[in-house]
Amino acid sequence: MAAAQDPALEIQELTQRINHLNYQYYQNSISEVSDYEFDQMLKRLEALEAQYPELRLPHSPTQRVGGTITKNFDTVYHKWPMLSLSNTYSEEELREFDKRVRKVVGDEVEYVCEQKFDGVAISLTYENGKFVQGATRGDGTRGDNITANVRTIHDVPLQAHGKDYPDLFEVRGEVFMPLQVFEQLNADREEAGEQLLANPRNATSGTLKQQDSSVVASRKLGCFSYSFHTDNSPFDTHSESLQAIQKWGFKVSDTWRKCNSIEEVMAYINEWESKRFELPIATDGVVVKVNSYALQEELGFTAKSPRWAIAYKYAAMSAATQLQGIQYQVGRTGAVTPVALLEPVLLAGTVVKRASVHNANEIQRLDLRLGDTVFVEKGGEIIPKITGVDFAKRPADSLPILYPSHCPACRTELIRPEGEVNFYCPNEKGCEPQILSKLEHFITRKAMNVDELGPKTLEQLYRVGFVRNAADLYDLTFEQLVQLERMGEKSANNILRSLEKSKETPYDRVLFALGIRFVGSTVAKKLAEQLPDLEALRGATYEELTAINEIGGRIANSILEYFQDPDHVQLVERLKAAGLKFKSENTAPDIQSDKLEGQTFVISGVFQSVSREELQQLIISHGGKVVSSISKKLSYLVAGDKMGPSKLEKAEKLGVKLLSEDEFMAMIS
Ligand code: IVH
């Protein structure tokens, strides 16, 4: 782009151009420019916006990457209530719906059939074509204002395309998490020893309520739009409005179809019963809507739902089979979880032999007994689950399931921490499956990446007593390794070389490898950024830890607890002595002075001569500390332009000193 003289003009041009490129890329899968060119444009726009924050346009593509923190979501009223749909599982009831409709409006009725997306409903408000508000459904009358989070969703246009839209309108749709993202998210949670999310819908709804919009951006949510609302609609039918909103840049699933009779509706329903599994989002049925707005009005509403629409839901795919046993698995964190062993049964195209039971409560809730005939279902969840028991088929001699009181591996008595649904084996240091899975975690690719060592060799090393913890790995000798069964000299050397190479692993991954509960790879990265070496982490207080974005009380407590254990301290010391990296490399800036030693800073707003990141680096390089929340103990709040009023208010209330950009620069000069 030619260097425009006027920053306002350049910002406008870049905003328009990048929005157009994004639209082509996300909606039409067309790349008009190289990634490099695109990044350059985006960087230029970011730089201009940082320099002239007042010129940033509300529909700027820089908003897509998030970064806004919302502590509490405001409540907003819906201009048009967000109703629900009446449901049916039967063809008969669907035909009755059709009869009722035709009785009121006559036989010339046209329907639109759509997929019923199983995500989270969203309302999107536009003023003069600009996206101004995103809100959840809430109770239908009022929901949460989650605008900053919605801005990160690429399927939601920040500026409507074309010109023929009304001054004020609302589009509604369903936000969803693509299946692939969901699976990755759960894999990360498993690594961090966190409870898995049950299905993509729960994951979507949790994501939309995140306080940090950059987390939302990272989840790559999608949105299918399905309805349009405005006063004095320019359209006569629902199908016309679907076509129009698609033209304006909203993503409309092309699965909808106009149907002229209930027979055609049934044909659509039957056709999509199996085809729906090819879609990127879970669906659980079909929504049938009367197409004409005039007829919709004639039909009206009940208290909860429109009389002009109905949802036909597909029965969840389930099968009946026999419960043969329960296996108890001990995980890395010591959690003991039950898994149902089933008589193999075919369900939705795959043979199912195991099903999740989640926890002990679930066994009681379902009243499960060995030998029972149980129903297994596969819904949005990846792993099938037991949903009920066929009590009529319960054998007279069926036995209740007794949850073990002791660890199935090491016989230690299980404990159940208050408020937790899982039982745990507390023998963290002596329970074989716990030790082995900790070691396995330590060597995985995302952690230390000791690719020549596999779970089988680890088990051998453990059994012969050469390795009891991660530090022992680095004391292994060639002589020890070649003693193992089926271990050649070449493999032994490869293992030693691979261990040696792992010493190059960056600090954040070493931290992740330690397997501290709730410290997954993302949290480890955050910690390594903010507390650039082991000493800083070990010395951090609860307040300092929770001041870091995304580190809550649960994670902070887990870190504090970890370092209270002398065995852990010794382990970490041994790993450090072995040469592992316990210091961030790229984030640790050169030390320039100790002028800010002992002082803590919060940075807020935007600055004229430096970016926020640069300011942060400056503080650290002069010996200061950057924290993210304001407390009484805080030394200074460095205040830039456009700083949030709530921060200012809090700082004033607590008597924290404010520093302008110039004052700060004077301090370090
Ligand atoms: S129309 C009053 N169309 O289903 C009309 N809703 O039970 C309601 N949903 O909250 C909206 N796919 O979250 C409509 N194609 C679709 C839909 C759909 C999913 C959800 C929506 C709504 C719920 C109503």
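We count ligands from 1, going down the list as the structure has it; atoms in each ligand are counted the same way. If you're wondering where the values come from, they're calculated on a predicted model, not measured in any experiment.
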Closer than 4.0 Å to some heavy atom of Pro306 - which atoms of ligand 1 meet that?
2 (C)

Numbered atoms of ligand 1 (with element) below 4.0 Å of Glu114, judged on heavy atoms
3 (N), 15 (N), 16 (C)

Do Tyr293 and Phe235 have ring centroids that are under 6.0 Å from one another?
no

Looking at non-hydrogen atoms alone, which of [options] comes nearest to [atom]?
{"atom": "atom 16 (C) of ligand 1", "options": "Phe117, Tyr226, Trp80", "answer": "Tyr226"}
{"atom": "atom 4 (O) of ligand 1", "options": "Lys116, Met82, Arg201, Arg137", "answer": "Lys116"}
{"atom": "atom 5 (C) of ligand 1", "options": "Thr255, Leu85, Thr283, Val120", "answer": "Leu85"}

Nearest protein heavy-atom contact for atom 20 (C) of ligand 1: which residue, which atom, what distance?
Glu174 OE1, 3.6 Å

Return the residue, atom name and 0.1 Å-rounded distance of the protein heavy atom closest to atom 3 (N) of ligand 1.
Lys289 NZ, 3.0 Å

Would Arg257 count as a cation-pi partner of Tyr268, with NZ or CZ less than 6.0 Å from the six-membered ring centre and within 45° of the ring normal?
no

Measuring only between side-chain heavy atoms, which start at C-beta, is [X] closer than 4.5 Å to [Y]?
{"X": "Leu295", "Y": "Val104", "value": "no"}
{"X": "Arg17", "Y": "Met41", "value": "yes"}
{"X": "Val76", "Y": "Thr125", "value": "no"}

Does a salt bridge link Arg95 with Glu91, judged by any charged N lying under 4.0 Å from a carboxylate O?
yes

